[in-house]
Amino acid sequence: TITYSSLIDGLVKANEMNEAIAIFTQMEESGCTPDTISYNSMIAGLLKAKEVNKTLVILTQMEKSGCSLDTITYNTLIDGLSKANHVKKALVVLTQMEKRGCTPDTVTYSSLIDGLLKANEVKKALVILSQMEKRGCTPNIFTYSSLIDVLLKAKEVNEALSILTQMEKKGCTPDMIVYNSLIDGLFKANEVNKALHILTQMERRGCTPDKVTYTSVIDGLLKANQVDKALALLTEMDKKGCFPDTITYTSLITGLLNANEVNKALVIMTQMEKRGMLPL
RNA sequence: GUGGUUAGUGG
């Protein structure tokens, strides 16, 4: 059973859902009984492929087979349903899990809050957040990160920064993902100086920018018409062994073209191809 | 015997 589950999980992560289904069937035919973990992987995979109906079928099968649903099962459902554009169903799952005596944990609440925020249900997200705290479940870096990211994307700069202060006051130290969200969001909200300030702060605190950080900064600088500074950062990241990927290059080329820097864009395209990447 | 499953960031 463990061998089959590992195989299924690998296929799910490689987005080979049809293969995973085939292995699952083969597993049953060979007399191996899927356990909770096997079902959890299948559910995660089916929802990633937005196969809501197939998910409900397998969920029924899981219950009929006497296999117990655990917190991870419900968490997987909540996250997967939210990402398949069914946040309302995710809310129902939360009610169901509690009714069935399964205690929601930080993952449950963070997934749901993230899903609600991304579906523009900010008020509901805040309701769930307060419900979470009332239940003695402490928001963690994932919870705060979603809040900061979505608030900034909605250009709610002050709200996002106040969440940042709040999380730090609670002893939750921002990590690279939080910094990346802040930098990207601030640039997109036209807060170029604030974004650059966060970049400095991040480095001062010993958090090394990665290619996501650099791509956001480069993209932001180009949109602010700071072409030279953007190109200098490309050189800097390369020198630090942080190699640009297709997204970095695409963003550079698009930005340079929008800034009417056609020749510079061509130079970058050549460099990109020399490194074995194709412009999309 | 911490063996397999779930949440946050860039074009």
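Bear in mind that the values here come from a model prediction, so they are computed numbers and not experimental data.
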For the side chain of [X], counting heavy atoms from C-beta on, which of [options] is nearest?
X	options	answer
A:Thr106	B:A7, B:G4, B:G10	B:A7
A:Ser38	B:G4, B:U5, B:U9	B:G4
A:Ser216	B:G10, B:G8, B:G4	B:G10
A:Asp35	B:G10, B:U6, B:G4	B:G4
A:Val107	B:U5, B:U6, B:G10	B:U6
A:Val212	B:U9, B:U6, B:G4	B:U9
A:Lys118	B:U9, B:U5, B:G11	B:U9
A:Thr215	B:G11, B:G10, B:A7	B:G10
A:Asp184	B:G8, B:G10, B:G4	B:G10

With heavy atoms under 4.0 Å as the rule, sort [X] into base, sugar-phosphate or nothing.
X	answer
A:Thr108	nothing
A:Thr246	base
A:Val217	nothing
A:Thr76	sugar-phosphate
A:Ser251	sugar-phosphate
A:Lys48	nothing
A:Ser6	sugar-phosphate
A:Ile141	base
A:Thr248	base

Requested in this report: Measure across A:Val157 and A:Glu191 and return the closest heavy-atom pair with its distance rounded to 0.1 Å.
Outcome: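 Distance-wise, the nearest heavy atoms are CG2-CG, 4.2 Å.
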Phosphate-side-chain proximity, [X] and [N], N/O vs OP1/OP2 below 4.0 Å:
X	N	value
A:Lys223	B:G10	no
A:Lys188	B:G11	yes
A:Lys83	B:G8	yes
A:Lys13	B:G4	no

Query raised in the report: Are A:Ile253 and A:Val212 in one and the same hydrophobic cluster, where Ile, Leu, Val, Met, Phe, Trp and Tyr link if side-chain heavy atoms are under 4.5 Å apart?
Result: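 They do not share one cluster, since no chain of ILVMFWY contacts under 4.5 Å joins A:Ile253 to A:Val212.
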Distance, rounded to the nearest Å, where [X] contributes [atom1] and [N] contributes [atom2]:
X	N	atom1	atom2	answer
A:Leu222	B:G10	CG	P	18 Å
A:Met167	B:G8	CE	C1'	10 Å
A:Met277	B:G11	CE	P	17 Å
A:Leu69	B:U5	CG	C1'	13 Å
A:Ile43	B:A7	CD1	P	14 Å
A:Leu7	B:G4	CG	C1'	11 Å
A:Leu152	B:G8	CG	P	17 Å
A:Asp210	B:G11	CG	P	14 Å

Requested in this report: Would you tell me whether A:Ser216 and A:Asp184 have side-chain atoms, one donor and one acceptor, within less than 3.5 Å of each other?
Outcome: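 Present: a donor and an acceptor within the cut-off.
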Query raised in the report: Has A:Lys54 got more than 12 heavy atoms of other residues, nucleotides or ligands less than 6.0 Å from its NZ?
Result: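 At most 12 heavy atoms, drawn from other residues, nucleotides or ligands, come within 6.0 Å of this atom.
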Requested in this report: Step through the shown structure and confirm whether more than 12 heavy atoms of other residues, nucleotides or ligands are within 6.0 Å of NZ on A:Lys88.
Outcome: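 No, NZ of A:Lys88 has 12 or fewer neighbouring heavy atoms, counting only those of other groups under 6.0 Å.
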Query raised in the report: Where the side chain of A:Thr36 meets the backbone of A:Ser68, is there a donor-acceptor pair that is under 3.5 Å apart?
Result: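 Here the side-chain-to-backbone pair exists.
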Query raised in the report: Ring stacking, A:Phe142 with base of B:A7, under 5.5 Å and under 30°?
Result: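 By the stated criterion, A:Phe142 and B:A7 stack.
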Query raised in the report: Pick from A:Asp79, A:Thr143, A:Asn75: which one makes a side chain to side chain donor-acceptor pair (under 3.5 Å) with A:Ser110?
Result: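 Only match with A:Ser110 under side chain to side chain donor-acceptor pair (under 3.5 Å): A:Thr143.
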